[in-house]
Asks: 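There's a structure below that I have some questions on.
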Number of protein chains: 2
Amino acid sequence: MAALSRKERERLRRQELILDVAEETINKHGFDGATMDEVAEKAEVAKGTLYIHFESKAHIYLAISERGSRKLNDQMAKVLTKDLSGLKMVENLGATYLNFIKENPQYYHAFNYYEGVVAETKSDPGGIMMKCKENAKEAMTYIVRALQIGMQDGSIDYSYDPKELGLIIWGASKGIINMVFLKQNSSEFELLNEVEFDLESIMQNFIHLVGTGLIKK
Amino acid sequence: MAALSRKERERLRRQELILDVAEETINKHGFDGATMDEVAEKAEVAKGTLYIHFESKAHIYLAISERGSRKLNDQMAKVLTKDLSGLKMVENLGATYLNFIKENPQYYHAFNYYEGVVAETKSDPGGIMMKCKENAKEAMTYIVRALQIGMQDGSIDYSYDPKELGLIIWGASKGIINMVFLKQNSSEFELLNEVEFDLESIMQNFIHLVGTGLIKK
DNA sequence: TTCAAAAAATGACTGATAGTCAATATGGCG
DNA sequence: CGCCATATTGACTATCAGTCATTTTTTGAA
């Protein structure tokens, strides 16, 4: 890949700076509560400069989602290089996602924002929506590959279609994690108020459930 | 329950009318694209009247979410009265949810909106947030009750904690459905572009998966 | 080194829209 | 019938995303 000119590097550096500041501001105030005036002030640029580098406020948030999904994918890729059974790989990928959003709740929210707007977005200046889609696709590819490895090494039932199973496992994991996040981040939102749930143990039970099944033995 | 005065009935009727119009407008344009000016015009009231009946635009959307979750709960309650095994009840509840959001995509979006704001909402004028929470709790109660029935009639493994299992089943179902909705409603968002997924068959596979397990027999 | 063109940056300004409020209209009760 | 409470109105305000004419900076050729 040809080296970028100094000017191009400067431009990208400026964009990363703006994203850093925007990420902090949105993490602190929420997307609606964060203003472009505040982002500009903290980035020490004029507000018009934000629009030189990004199409819109929404575009900035999608760029944040993209960088989060890229970081997540990097961590998921590492799991695939480990010497593990397919089943263990799938478990590890789930744990990787869980740890990632625990450590980076700002990306969790940005992912949700992306999912909320992706269906209704018609145009895609700068291709940021396309990059987000590619990152989502790549994450799914890691899941499917781990399932295929498991089907080959005998740790996973190969009567399932790996792609469909991948969608089920990935979707189910995200749904459960989302539900527990709702519970934890809403002091009054006690779905089942007698028992304190730990997400780790819930995911363990989910893994156990899909591993061995629900029907009584 | 004491009969409401005619004035009180009139007030509630006016509120339902506004919600009907707001629901249509938001369904057509999305939450951000729908304006209070348009809602007022279509409801044939002045804009100030909307704020007599509702705290804010967000409050209206939460009221829409509440009415959707109330309708869903009514349908879920009916499942619990059927003469079915616990396992079949759980399957039926899942199918009920799936059919409900297929027929009422506007409520699907309203539920997502509610989930997105519930964690950061501090005050709750009119108690609409509380009502939404109660409805969510009630839905969970139906799931847990069906699981308990299944554990009693032998159709479900009783080594699981029914409340935790309820969270897993409900969260997983919503996550999978969400993922398939993303796929279907985004013409370019082809997660796995070779295979066309049908949500019905995916849910069937999910049910089969949690029923019999993933580990190779 | 200078100059012209391109690129980047600026921040006052515009437009859109949620939400407000003083004035008016309507309803209910004594 | 009159007074008070309640409901309604729609012009107006406040906020904030996004724009744009102008200025500054950077780049490259002569």
Side-chain angles (χ1 to χ4, degrees), chain A residues 3-19 21-23 25-26 28-64 113 116-117 120-126 128, chain B residues 3-19 21-23 25-26 28-64 113 116-117 120-126 128:
Chain A
L4 297 172
S5 64
R6 196 183 74 80
K7 182 179 174 181
E8 185 69 1
R9 289 201 306 274
E10 185 68 13
R11 183 184 156 85
L12 290 177
R13 201 181 67 75
R14 174 59 59 88
Q15 285 176 350
E16 288 298 305
L17 168 69
I18 291 171
L19 285 181
V21 168
E23 194 176 302
T25 309
I26 292 172
K28 188 173 174 182
H29 301 293
F31 180 68
D32 290 327
T35 68
M36 295 293 266
D37 275 309
E38 186 181 353
V39 172
E41 186 187 331
K42 286 185 167 166
E44 296 183 303
V45 297
K47 198 163 83 172
T49 302
L50 302 184
Y51 292 94
I52 295 297
H53 292 280
F54 298 95
E55 291 293 315
S56 62
K57 188 184 182 187
H59 198 261
I60 288 179
Y61 208 17
L62 288 172
I64 291 169
Y113 176 84
V117 300
E120 62 200 31
T121 298
K122 301 296 187 292
S123 69
D124 188 18
I128 194 65
Chain B
L4 297 171
S5 65
R6 196 182 74 82
K7 183 179 174 182
E8 185 72 358
R9 289 199 306 274
E10 186 69 13
R11 184 184 155 86
L12 290 177
R13 203 182 64 76
R14 173 60 58 86
Q15 285 175 351
E16 287 299 305
L17 168 71
I18 292 172
L19 285 182
V21 168
E23 195 175 300
T25 309
I26 293 173
K28 187 173 175 181
H29 301 293
F31 181 68
D32 290 325
T35 69
M36 296 293 267
D37 274 310
E38 186 180 354
V39 172
E41 187 185 331
K42 286 185 166 163
E44 296 182 302
V45 296
K47 198 162 81 170
T49 302
L50 302 183
Y51 292 92
I52 295 297
H53 292 281
F54 299 94
E55 291 295 314
S56 63
K57 187 183 184 187
H59 197 262
I60 288 179
Y61 207 19
L62 289 172
I64 291 169
Y113 177 85
V117 302
E120 62 199 32
T121 298
K122 302 297 186 290
S123 70
D124 187 19
I128 194 65

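Keep in mind that what you see is a predicted model, and the values were worked out from it rather than measured. Order of the sequence lines sets the chain letters (A, B, ...), proteins ahead of strands, with each chain counted from 1.
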Asks: CD of B:Glu41: more than 12 outside heavy atoms within 6.0 angstrom?
Replies: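 It does not: B:Glu41 CD has 12 such atoms or fewer within range.
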
Asks: Can you label the angle between the B:Tyr61 ring and the B:Phe31 ring as parallel, tilted or perpendicular, going by 30° and 60°?
Replies: parallel

Asks: Whole angstrom is fine here: how far is it from CZ in A:Arg9 over to P in D:dT26?
Replies: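 Rounding to the nearest Å, CZ of A:Arg9 and P of D:dT26 are 15 Å apart.
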
Asks: Strictly below 4.0 Å, N to O, side chains only: are B:Arg13 and B:Glu16 in salt-bridge contact?
Replies: no

Asks: Rounding to a whole Å, what distance do you find between B:Phe54:CZ and D:dA7:C1'?
Replies: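 Between C1' of D:dA7 and CZ of B:Phe54: 15 Å.
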
Asks: Between B:Glu38 (CD) and C:dT17 (P), how many Å, whole number?
Replies: 10 Å

Asks: Looking at five pairs on each end of the helix from C:dT1-D:dA30 to C:dG30-D:dC1, what is the angle between the two axes, given to 10 degrees?
Replies: 0°

Asks: In whole angstroms, how far is the P atom of D:dT27 from the CD atom of A:Glu8?
Replies: 12 Å

Asks: With a 3.5 Å cut-off and heavy atoms only, can you find an N or O donor on one side and an acceptor on the other between the side chain of B:Lys47 and the base of C:dG19?
Replies: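 Check passes, donor-acceptor contact within cut-off.
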
Asks: Which nucleotide wins on minimum distance to the side chain of B:Lys57, given the candidates C:dT17, D:dT8, C:dG19?
Replies: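 When the side chain of B:Lys57 is considered, C:dG19 is the closest of C:dT17, D:dT8, C:dG19.
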
Asks: Within less than 4.0 Å of OP1 or OP2 of D:dT8, is there a side-chain N or O belonging to B:His53?
Replies: yes

Asks: Would you compute the distance between atom CD of B:Glu44 and atom OG1 of B:Thr49 and round it to the nearest 0.5 angstrom?
Replies: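 B:Glu44 atom CD to B:Thr49 atom OG1 measures 12.0 Å (nearest 0.5 Å).
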
Asks: Find the distance A:Glu41:CD to D:dC16:C1' and express it as a whole number of Å.
Replies: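 Between C1' of D:dC16 and CD of A:Glu41: 15 Å.
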
Asks: Quick one: is C:dG19 close enough that its OP1 or OP2 comes under 4.0 Å of any side-chain N or O from B:Tyr51?
Replies: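 For C:dG19, OP1 or OP2 has a side-chain N or O of B:Tyr51 closer than 4.0 Å.
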
Asks: Under 4.0 Å between a side-chain N/O of B:Thr49 and OP1 or OP2 of D:dA7, yes or no?
Replies: no

Asks: Compare all side-chain heavy atoms of B:Gln15 with those of B:Leu12 and state whether any distance is below 4.5 angstrom.
Replies: yes

Asks: Please enumerate all residues that pass salt bridge (charged side-chain N to carboxylate O under 4.0 Å, His left out) together with A:Lys28, with sequence neighbours excluded.
Replies: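 Testing A:Lys28 for salt bridge (charged side-chain N to carboxylate O under 4.0 Å, His left out), a comparison that skips the adjacent residues, returns none.
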
Asks: Is any side-chain heavy atom of B:Val45 less than 4.5 Å from a side-chain heavy atom of B:His53?
Replies: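 When only atoms from C-beta onward are counted, B:His53 and B:Val45 do not touch, as no gap falls below 4.5 Å.
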
Asks: Go through D:dT9, C:dA9, C:dA18 for me and flag the one nearest to the B:Val45 side chain.
Replies: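 Of D:dT9, C:dA9, C:dA18, D:dT9 is nearest to the side chain of B:Val45.
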
Asks: Quick check on C:dA8: is either OP1 or OP2 less than 4.0 Å from any side-chain nitrogen or oxygen of A:Arg11?
Replies: yes

Asks: For B:Asp37 and D:dC12, what is the distance between atoms CG and C1' respectively, to the nearest whole Å?
Replies: 12 Å

Asks: Just how far, in rounded Å, is P of D:dA17 from OH of A:Tyr61?
Replies: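 After rounding, the reported distance stands at 14 Å.
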
Asks: Taking the side chain as every heavy atom from C-beta outward, state whether A:Ile128 and A:Phe54 have any atom pair closer than 4.5 Å.
Replies: no

Asks: Which comes earlier along DNA chain D counting from the 5' end, the contact point of A:Gly48 or that of A:Ala34, where each point is its nearest nucleotide?
Replies: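 The answer here is A:Ala34.
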
Asks: Measure from the side chain of A:Ala46, starting at C-beta and using heavy atoms only, and say which of D:dT9, C:dG11, D:dG18 lies closest.
Replies: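 From the listed options, C:dG11 comes nearest.
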
Asks: Starting at atom CD1 of B:Ile26, determine the distance to atom P of C:dA18, rounded to an integer number of angstrom.
Replies: 10 Å

Asks: Any side-chain N or O of A:Arg14 below 4.0 angstrom from OP1/OP2 of C:dA8?
Replies: no

